[in-house]
Student: 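Structure in structure tokens, see below.
Per chain, numbering begins at 1; letters A, B, ... match sequence-line order. Everything numeric in this text was worked out from a predicted model, so none of it was measured. All heavy atoms count here, side chains included; hydrogens, waters and symmetry mates do not.
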Amino acid sequence: MAYGYANMEKQRQRLPVYKYRTEILYLVENHATTIIVGETGSGKTTQIPQFLKEAGWAEGGRVIACTQPRRLAVQAVSARVAEEMGVNLGDEVGYTIRFEDHTTSMKLTSDLFQPTFYWKRQAPEGSTHGPKLEPAILSVEGRGFSVKIHYVEEPVSDYIRSVVSTILLINEREPPGDVLVFLTGQDDIETAIKLLAEEAHSNQKNSSGLLPLPLYSGLSRSEQELIFTPTPRGKRKISDIESLVVAPISKASARQRSGRAGRVRPGKCYRLYTEDYFLKQMPGEGIPEMQRSNLVSTVIQLKALGIDNILGFDWPAPPSPQAMIRALEVLYSLQILDDDAKLTSPTGFQVAELPLDPMISKMILASSELGCSDEIITIAAVLSIQSVWVIARGVQKEQDEAKLRFAAAEGDHVTFLNVYKGFLESKKSSQWCYKNFLNYQSMKKVVEIRDQLKRIARRLGITLKSCDGDMEAVRKAVTAGFFANACRLEPHSNGVYKTIRGSEEVYIHPSSVLFRVNPKWVVYQSIVSTERQYMRNVVTINPSWLTEVAPHFYQNRQNAMDL
DNA sequence: AGCGAACTA
């Protein structure tokens with residue numbers, strides 16, 4: 001045991017960031033903000049929180065918070081830090097991710113620490129001492145193992161096939177070691193793994209010893225954790241980590257990825273595009289998160305922190321005025337902000353408490369008055385996950401038939417209630433999910449999220465009440481959140497809808513139970529833009545509800561709504 | 001008669 005600790009301590013000291021320990025602590029002491037740019041493998045994520053802890057920053061009830069942009073990274077990093085500190089995960093070192101809390105004593109509002117913006121430590125008004133306001137910047141080099149980069153000579157036509165043949169080639173020619181592959185999505189990951197499995201059957205020489213492992217958020221926790229277990233001798237792991245964007249990645253993220261190969265020893269990186277493409281066409285940097293994402297939630301959080309002048313806010317990467325205006329419009333129409341752009345009470349402050357899309361939060365608040373909060377919280381949980389249905393290729397017909405068993409004439413939201421009811425009646429059976437083409441992991445998540453929403457709702461003074469089958473109340477509550485997404489069917493058209501807000505042409509998504517049913521009036525949850533604009537998760541409404549739940553939004557649009 | 005990117009609070 002003692003040997004183990006000594007060994008771990010030696011490992012820690014070998015990390016590049018260790019050399020900067022004193023400097024980092026000095027900067028943090030003397031500057032309100034310290035920015036440390038650390039290359040992959042520098043140890044910044046696991047070590048800096050420990051330096052701060054050792055220097056006393058966690059004393060007196062204070063907490064050292066560390067944010068990560070991915071759930072899996074949060075778990076892996078906190079487990080590693082707990083191990084290095086020799087404590088149980090959840091005691092001194094814990095983590096929270098949305099809908100889960102793995103801390104026993106940490107009391108922190110995790111909402112505060114979003115990766116989209118950082119918070120400045122301010123010196124008290126008028127004080128002459130205390131930390132300097134201008135940020136300190138420090139760069140820390142990586143571990144510096146060399147990574148040899150290979151490019152393809154010609155652009156590849158079928159990138160998944162190229163991935164598979166590259167892996168087989170590596171397996172045949174390279175010394176032992178694992179392979180990390182970046183693919184664009186769950187579908188491609190499963191396809192690649194299937195191709196590798198087929199290869200193992202038909203061509204034993206090239207693919208022997210391959211142990212392909214998938215990694216994406218739709219997997220269960222234990223399936224995801226498999227990638228962290230040591231690889232058996234003579235085997236080679238292949239963990240597929242999906243990339244964030246399908247569009248071409250930037251040079252910066254390509255470099256970051258190749259860095260993963262050199263973390264513990266020299267490595268190789270195979271890029272399935274040409275060097276010419278990398279040098280001449282690939283964009284240098286990606287667009288900052290701030291300028292890509294929907295601002296609505298960020299604006300609510302700033303407002304909740306008491307920052308009213310968001311236009312004057314010192315953004316790390318300022319969003320466009322149009323994006324800002326759009327976010328303010330949505331929040332105003334949801335009555336989360338008032339005429340002075342201040343959070344309304346109680347609605348605005350309640351919405352700021354909920355870790356959900358504001359439209360979903362508003363729907364929950366409305367359900368309390370409409371007497372259907374029990375049903376709406378189930379719907380909110382389903383709308384907060386990706387999909388309850390399994391991704392099933394080649395069994396589309398069977399899946400459609402299964403869906404029909406739950407389909408409700410009122411639309412997808414009511415269908416979700418039927419699905420949830422069936423899952424409970426099956427006693428949360430995985431077999432039942434399998435038979436009905438439902439994703440068991442997703443259904444378990446729905447139950448978990450629902451429990452948490454129930455707790456939050458209680459805190460906000462909403463008591464759970466069922467409307468006992470009154471689906472009009474349920475649809476009205478959905479409308480109260482999503483009225484801005486109201487659409488009307490174009491008369492004599494074949495399923496063409498126009499949004500009331502902007503008269504844009506939209507269609508019901510083929511995965512909706514209302515596809516080809518085409519009711520006259522609907523509201524949708526979100527739009528999927530492909531060849532056409534498709535509405536996802538659609539429910540029928542009575543247009544008179546629009547002026548009822550959102551008079552301020554619709555009173556000037558009467559013309560658009562007249563028949 | 002027909003879709004499909006993914007991550008997060």
Side-chain angles (χ1 to χ4, degrees), chain A residues 65 67-75 95-101 108-117 119 159 182-191 214-219 224 240-249 253 286-287 289-290 292-302 304-305 351-361 380 383-387 389-397 399-400 403 412 439 442 445 449 452-453 456 494-495 506-518 524 526-538:
Chain A
T67 68
Q68 291 293 322
R70 295 281 181 282
R71 299 168 85 101
L72 198 69
V74 169
Q75 293 161 318
Y95 68 86
T96 59
I97 48 187
R98 184 167 73 152
F99 306 128
E100 281 177 50
D101 190 337
L108 59 87
T109 42
S110 55
D111 319 5
L112 242 158
F113 303 106
Q114 280 203 25
T116 44
F117 64 91
W119 189 241
Y159 99 102
F182 293 89
L183 299 176
T184 55
Q186 189 174 330
D187 251 25
D188 286 357
I189 292 171
E190 292 299 349
T191 307
L215 179 62
Y216 48 80
S217 73
L219 294 173
Q224 294 191 17
D240 291 315
I241 296 183
E242 75 304 324
S243 78
L244 190 63
V245 274
V246 158
I249 59 165
S253 64
I287 300 166
E289 168 81 17
M290 203 53 157
R292 276 187 290 126
S293 60
N294 186 348
L295 280 176
V296 168
S297 296
T298 311
V299 169
I300 294 179
Q301 299 205 4
L302 289 177
L305 290 169
V351 167
E353 286 275 310
L354 291 164
L356 298 165
D357 178 306
M359 286 180 173
I360 296 181
S361 304
L383 296 184
S384 300
I385 60 158
Q386 283 181 26
S387 171
W389 308 104
V390 288
I391 294 178
R393 267 188 181 165
V395 286
Q396 204 59 62
K397 204 164 146 269
Q399 179 159 43
D400 286 350
K403 218 180 258 189
D412 298 307
N439 184 331
S442 301
K445 249 182 222 168
I449 294 172
Q452 173 150 356
L453 291 180
I456 297 174
N494 198 11
V506 292
Y507 296 81
I508 292 181
H509 196 283
S511 66
S512 168
V513 297
L514 293 180
F515 180 62
R516 278 200 295 269
V517 176
N518 295 332
Y524 63 84
S526 58
I527 289 281
V528 179
S529 293
T530 52
E531 303 275 291
R532 287 175 169 180
Q533 304 266 95
Y534 285 104
M535 301 182 264
R536 251 191 49 182
N537 296 334
V538 184

Student: Would you mind reading off the distance between A/L356 atom CG and B/dC7 atom P, rounded to a whole angstrom?
Tutor: 18 Å
Student: Nearest-Å distance, CD1 (A/I527) to P (B/dG4)?
Tutor: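 In whole Å, B/dG4 P and A/I527 CD1 are 11 Å from each other.
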Student: Would you kindly give the CG-to-C1' distance between A/L295 and B/dA9, to the nearest whole Å?
Tutor: 15 Å
Student: Restricting to non-hydrogen atoms, name the atom on A/I508 and the atom on A/F515 that form the minimum distance, rounded to 0.1 Å.
Tutor: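 Scanning both residues, the minimum pair turns out to be O-CD1, 3.4 Å.
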Student: Would you mind reading off the distance between A/I508 atom CD1 and B/dG4 atom C1', rounded to a whole angstrom?
Tutor: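 After rounding, the gap between these two atoms is 18 Å.
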Student: A/Q396 has an atom CD; how far is it from atom P of B/dG4, in whole Å?
Tutor: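 Result: 12 Å.
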Student: Quick one: which of B/dA1, B/dC7, B/dC3 gets closest to the side chain of A/S511?
Tutor: B/dC3
Student: Rounded to the Å, how far apart are A/Q399 CD and B/dG2 P?
Tutor: 18 Å
Student: Counting only side-chain heavy atoms from C-beta out, which of B/dA9, B/dG2, B/dC3 sits nearest to A/S297?
Tutor: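 The answer is B/dA9, which lies nearest to the side chain.
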Student: With sequence neighbours left out, what residues match A/Y534 under side chain to side chain donor-acceptor pair (under 3.5 Å)?
Tutor: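 Here no residue qualifies.
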Student: Please classify the nucleic acid contact of A/D400 as base, sugar-phosphate, or nothing, using heavy-atom distances under 4.0 Å.
Tutor: base
Student: Which residue, A/V528 or A/R516, contacts DNA chain B at a nucleotide closer to its 5' end, judged by nearest heavy atom?
Tutor: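 Its nearest nucleotide lies further toward 5', so the answer is A/R516.
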Student: Using atom OH of A/Y534 as one end and atom P of B/dG4 as the other, report the distance to the nearest whole Å.
Tutor: 7 Å
Student: With sequence neighbours excluded, what pairs up with A/V390 under the side chain to side chain contact (heavy atoms under 4.5 Å, CB included) test?
Tutor: A/A392, A/Q399, A/F437, A/N439
Student: Taking the minimum atom-to-atom distance to the side chain of A/Q386, which one of B/dC3, B/dA6, B/dA9 wins?
Tutor: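 Given the options B/dC3, B/dA6, B/dA9, the side chain of A/Q386 is closest to B/dA6.
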Student: So which atom in A/D188 and which in A/L183 form the shortest heavy-atom distance, rounded to 0.1 Å?
Tutor: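 The answer is O-CD1, 3.7 Å.
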Student: Using atom CD1 of A/I385 as one end and atom P of B/dA9 as the other, report the distance to the nearest whole Å.
Tutor: 15 Å
